[in-house]
Chemist: 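Sending over a structure as structure tokens; questions will come in a sec.
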Amino acid sequence: MSHASFIRSATQTLIDHADELTALDQAIGDGDHGLNMKRGALAIQGKLPQLESKPLNDALKTMGMTCVSTIGGSSGPVFGTLLVTLAKELPPAPGPADLARALGSGIAALTRLGKAEVGQKTLLDVLDPVRRLLENRSVQPSGDLLASVRQCALDAAQATAQMEAIKGRASFLGERARGHVDPGSRSMALIIGAVCDSLRVTP
Amino acid sequence: MSHASFIRSATQTLIDHADELTALDQAIGDGDHGLNMKRGALAIQGKLPQLESKPLNDALKTMGMTCVSTIGGSSGPVFGTLLVTLAKELPPAPGPADLARALGSGIAALTRLGKAEVGQKTLLDVLDPVRRLLENRSVQPSGDLLASVRQCALDAAQATAQMEAIKGRASFLGERARGHVDPGSRSMALIIGAVCDSLRVTP
Amino acid sequence: MKKLINHVDDVLAESLDGFAAAHADIVSMGEGRLFVQRRGLRKGKVALISGGGSGHEPLHAGFVGHGMLDAACPGHVFTSPTPDQMLAAAEAVETGAGVLFIVKNYSGDLMNFQMAADLLDREHATVIVNDDVAVENSTYTSGRRGVAGTLIVEKIVGAAAERGDNLAVLHTLGETVNKATASMGVALTSCTVPAAGGPTFQLGEDEMEMGVGIHGEPGRRRVKLTSADEIAVELTGAILKELAPKRGQEVILLVNGFGGTPSLELYLMVHAARKVLAAAGINVVRHLTGPYVTSLEMAGCSITVTAADSAMLALWDAPVHTAALRWGM
Amino acid sequence: MKKLINHVDDVLAESLDGFAAAHADIVSMGEGRLFVQRRGLRKGKVALISGGGSGHEPLHAGFVGHGMLDAACPGHVFTSPTPDQMLAAAEAVETGAGVLFIVKNYSGDLMNFQMAADLLDREHATVIVNDDVAVENSTYTSGRRGVAGTLIVEKIVGAAAERGDNLAVLHTLGETVNKATASMGVALTSCTVPAAGGPTFQLGEDEMEMGVGIHGEPGRRRVKLTSADEIAVELTGAILKELAPKRGQEVILLVNGFGGTPSLELYLMVHAARKVLAAAGINVVRHLTGPYVTSLEMAGCSITVTAADSAMLALWDAPVHTAALRWGM
Ligand SMILES: Nc1ncnc2c1ncn2[C@@H]1O[C@H](COP(=O)(O)OP(=O)(O)O)[C@@H](O)[C@H]1O
Ligand SMILES: Nc1ncnc2c1ncn2[C@@H]1O[C@H](COP(=O)(O)OP(=O)(O)O)[C@@H](O)[C@H]1O
Ligand SMILES: [Mg+2]
Ligand SMILES: [Mg+2]
Ligand SMILES: [Mg+2]
Ligand SMILES: [Mg+2]
């Protein structure tokens with residue numbers, strides 16, 4: 001399969017949901033998240049031809065560097081570091097367990113970078129459940145697995161609403177952050193959902 | 001009769017109408033007129049004991065000086081100069097014709113001071129009709145005359161709504177000032193009305 | 001009404017006290033808060049005195065100090081000060097070379113300063129600033145208001161006073177600078193006079209007032225909100241029409257915020273105004289950008305252009321040390 | 001949304017261009033608008049570099065110049081700049097004595113500056129400013145934000161850099177000033193991020209947000225609007241609790257406007273804060289009042305207190321020549 005298709009759909013879904021992401025960030029943050037993700041997504045879309053012709057790992061690395069150098073804010077380093085780590089850790093044709101391992105490295109890298117841990121209302125709270133779901137599957141991605149990963153990510157993002165914010169710009173809100181979905185988690189879930197969808201169509 | 005009673009009622013009506021006067025000034029000016037007149041009225045009320053014991057002319061002069069030194073804005077010099085001029089021009093026990101003459105001097109003094117003329121949507125457009133009404137009456141003030149002076153002042157203030165503003169802070173509005181009563185004219189009419197009322201009760 | 005205040009009656013006094021305390025090195029407060037005066041008066045220098053309604057801060061008290069004003073008389077919000085204030089200020093800061101009053105052209109200011117001048121038994125002269133070109137028709141003489149250009153007159157005349165120019169020379173210079181200066185403003189929101197408790201006017205979400213002054217008065221026309229570039233074309237266009245400068249003319253450009261407009265937007269307006277001026281061949285050689293002549297928390301800005309010769313520019317550059325304008329010392 | 005802008009996508013670029021043109025005597029714009037740098041770099045002086053999201057103007061570009069920053073990296077509105085920007089700035093202004101980064105404590109700023117520092121092959125150190133005391137619980141480490149105190153750190157460290165202090169000394173000084181500085185803010189209205197198109201939060205006519213930062217985020221608590229005096233007691237009280245200064249301690253008092261609050265109210269807050277400080281026996285020896293660290297057009301203010309020793313005061317007083325802060329030259 002060509003990674004161009006899931007890059008196209010993941011970036012497009014971020015662009016399409018920019019207003020929703022901004023609204024989430026306005027509730028507990030500074031209202032820039034939608035625009036940040038859109039800026040990164042557009043920059044990646046501008047490199048699609050070049051990404052298409054690269055191996056997956058190189059494409060992930062380029063996308064990560066693009067995030068770092070175009071987005072700024074928390075999202076730039078966070079999504080950028082995640083992608084760069086995946087690029088480093090994934091084998092050429094990864095299976096679910098490979099992905100789980102790479103996500104584990106990604107989470108560790110993000111914790112080193114941003115000092116946040118799982119449970120503190122950041123996108124780590126989407127990455128970790130997805131990692132755990134993939135951990136014990138050694139088969140090739142099936143339609144079923146893709147559907148449950150997708151659902152797991154969306155549910156995990158939704159579940160951040162019940163958390164207090166401890167890291168990130170919303171942390172000063174403490175208790176007041178409860179009831180609001182973490183914007184970065186929603187972005188992460190949208191990306192994972194889009195990737196799953198596009199893998200299901202073109203396995 | 002004691003001038004204390006009409007001073008008390010004229011100042012009180014300004015205080016009671018402060019919000020209305022401010023609203024008029026907000027429509028075509030800067031929204032300070034109600035507060036300006038209230039400040040002057042309160043300062044004069046604070047001097048009532050001393051004003052009561054003075055002859056009319058001295059009392060008018062003191063009130064005029066009080067306006068000048070406490071009000072500021074356009075109203076301070078305008079009402080102050082009017083009162084000081086009346087103090088100078090009125091004989092000790094003035095009849096209607098005396099008042100008309102003194103008002104004429106007041107209008108001339110205001111024109112010298114503020115360069116405005118009758119017809120330019122200022123309180124001169126209340127003073128002049130009242131002056132003309134009094135001009136040909138040589139008798140002592142009767143109830144009838146007082147009632148018609150009162151009505152004349154109120155109507156004249158109302159009629160300023162139809163004028164363009166040429167002088168004063170509203171003048172930049174030009175045509176846009178039409179439809180709005182001039183705040184200083186309304187104040188002038190309120191004062192004249194209150195004086196008439198109190199002269200009717202205690203002639 | 002949302003304001004950082006205690007009681008509406010105390011706003012001015014408490015704010016002036018805060019100002020005097022914060023700038024005690026350069027100003028002191030006159031008896032009864034009638035005026036703010038410069039510390040370290042210079043004997044034999046013409047005393048420059050200005051004043052006007054409050055709500056335009058830093059105008060005028062923020063411009064008291066070396067190289068600018070000797071005293072400023074603060075009136076109530078949007079209300080000219082009383083003649084007593086100007087007289088008390090003149091008594092306090094006149095040191096033998098006379099008094100120059102700098103007055104914005106509003107009927108209230110004119111009358112109060114006039115009364116003070118009539119009562120003052122010291123040599124004096126008055127410069128009336130009327131830089132606002134929003135009112136086109138020249139018969140509306142009293143409508144031609146003094147707005148942000150007042151700062152430029154005060155700075156340039158202040159520098160000349162500091163170097164020792166005499167009263168007649170300063171008077172002429174003030175009138176020259178005034179004539180070389182034109183301004184026009186636009187408001188995106190109204191302001192609220194504390195004592196009034198509500199906004200002076202109401203604007204729709206897509207409306208602006210074109211040609212406002214600095215008293216929260218409505219403007220000349222209410223129009224649909226347009227782009228910064230279009231606004232710059234209208235404001236700067238009206239100014240250029242008035243000044244009719246030659247190509248290559250050197251100018252000072254003041255982009256003035258009315259109190260509620262952030263720096264980000266003001267500098268964007270600088271960019272927009274510079275494009276219009278460049279297209280007309282005008283050479284912007286000095287800039288000033290910020291909330292200098294305000295209408296409380298009003299959103300919006302004015303553009304002021306002064307066609308300056310080299311003498312004016314040298315005076316503009318001369319050291320100044322006031323609360324709101326400071327350079328060279 | 002009512003703003004003096006053209007297209008939301010061009011706000012930052014056009015505003016930066018206006019800024020660079022208006023202050024061309026002291027700053028120049030880096031390639032691709034990645035940074036604003038000081039003109040006339042001094043060889044052998046430690047390069048001070050700061051940066052952060054835009055919308056806080058004059059922070060940081062307004063503090064580039066003699067005696068303060070060598071470069072500032074402007075991110076998008078309320079978005080930290082990218083590591084590329086800090087690297088490009090460091091390349092441009094480092095002259096052999098190393099780089100000191102001054103960073104506000106927000107997760108985005110920390111991560112981007114960290115990535116830049118990791119990639120920079122020149123000697124460097126980082127001062128993290130976290131003066132906001134709105135967040136009481138010390139486990140909320142990332143919630144302890146860098147706000148208006150950043151200006152004070154930049155001014156004092158900038159003066160020491162200008163006189164030639166080395167990187168290690170400046171690093172220690174920055175941390176000392178940060179520790180001696182505490183701030184807290186209150187918002188009366190929200191601001192509107194241009195690209196978002198609407199206000200970040202909605203406040204009732206009688207509400208305020210207590211303990212806001214400078215990113216238009218909601219604050220720690222939403223409470224009923226109270227008087228200036230009560231607000232000053234809460235803000236200054238929290239600051240004093242944190243700094244725990246001795247009676248007689250000399251302090252710098254910064255009353256900072258968030259962008260939509262007029263000077264009249266800020267000086268009233270100076271008056272109110274001084275009363276609280278005087279009651280605690282604190283000696284205010286320097287003042288700064290104005291919109292210095294803003295959240296676009298937000299109404300409200302923050303109070304910052306720095307407990308300063310005589311060395312810090314001397315550095316505070318040292319000459320500075322930037323777009324927004326200038327004295328002594
Ligand atoms: N330290 C961190 N570690 C991991 N993720 C973080 C961290 N800080 C913030 N995030 C994520 O970034 C999102 C916010 O991104 P964005 O709004 O673009 O940046 P900023 O918070 O700087 O305005 C948050 O919702 C959260 O999921
Ligand atoms: N030049 C003038 N001559 C006579 N009356 C004037 C003049 N200018 C203003 N006024 C009167 O003063 C009133 C406004 O007073 P006020 O609002 O208190 O002062 P300001 O206009 O300075 O804000 C106007 O409504 C008008 O009647
Ligand atoms: Mg955000
Ligand atoms: Mg008025
Ligand atoms: Mg007025
Ligand atoms: Mg942000």
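Chain letters run A, B, ... following the sequence lines, proteins first and then strands; every chain starts at 1. Since this is a predicted model, take the numbers as computed values, not measurements.
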Chemist: Between D:M115 and chain A, which part of the residue has a heavy atom less than 4.5 Å away: side chain, backbone, both or neither?
Modeler: side chain
Chemist: With a 4.5 angstrom heavy-atom cut-off, could you sort out which part of A:L35 is near chain D: side chain, backbone, both or neither?
Modeler: side chain
Chemist: So, D:E175 and D:K179, do they make that salt bridge, N to O below 4.0 Å?
Modeler: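 No salt bridge links D:E175 with D:K179.
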Chemist: Residues in ring pair (Phe, Tyr, Trp, His ring centres under 6.0 Å) with D:Y292, at least two apart?
Modeler: none
Chemist: Taking NZ, NE, NH1 and NH2 as the nitrogens, is one of them in A:E164 or A:R178 under 4.0 Å from a carboxylate oxygen of the other?
Modeler: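 Looking at A:E164 and A:R178, the cut-off is met.
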Chemist: Against chain A, label D:N112 side chain, backbone, both or neither, depending on which of its atoms sit under 4.5 Å from a heavy atom there.
Modeler: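 Looking at D:N112, backbone and side chain both touch chain A.
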Chemist: Is it the side chain or the backbone of A:T70 that comes within 4.5 Å of chain D heavy atoms, both, or neither?
Modeler: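 Just its backbone gets close to chain D.
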Chemist: Verify the neighbour count for atom CE of D:M1: are there more than 12 heavy atoms of other residues, nucleotides or ligands below 6.0 Å?
Modeler: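 It does: D:M1 CE has more than 12 such atoms within range.
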Chemist: Tell me, which pairs form a salt bridge (Lys or Arg N to Asp or Glu O under 4.0 Å) where one or both residues lie in residues 205-216 of chain D, sequence neighbours left out?
Modeler: A:R176-D:E209, D:D206-D:K224, D:E207-D:R222, D:E209-D:R222
Chemist: Give the intermediate values and the outcome of salt bridge (Lys or Arg N to Asp or Glu O under 4.0 Å) for residues A:K61 and A:D58.
Modeler: CA-CA 5 Å; A:K61 185 170 177 204; A:D58 290 1; over 6 Å; no
Chemist: Among residues 15-26 of chain A, which residues come closer than 4.5 Å to chain D, judged by heavy atom distances?
Modeler: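 Those residues of residues 15-26 of chain A which have a heavy atom under 4.5 Å from chain D are A:T22, A:Q26.
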Chemist: Determine the option with the most heavy-atom pairs under 4.5 angstrom with chain D, choosing from A:P77, A:G34, A:G31.
Modeler: A:P77
Chemist: Show every salt bridge (Lys or Arg N to Asp or Glu O under 4.0 Å) that has at least one partner inside residues 1-15 of chain D, sequence neighbours left out.
Modeler: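 Counting only pairs at least two positions apart or across chains, the salt bridge (Lys or Arg N to Asp or Glu O under 4.0 Å) contacts touching residues 1-15 of chain D are C:E265-D:K3, D:K3-D:E297.
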Chemist: Once you measure the plane-to-plane angle for D:H124 and D:F101, does it fall in the parallel (<30°), tilted (30-60°) or perpendicular (>60°) bin?
Modeler: tilted
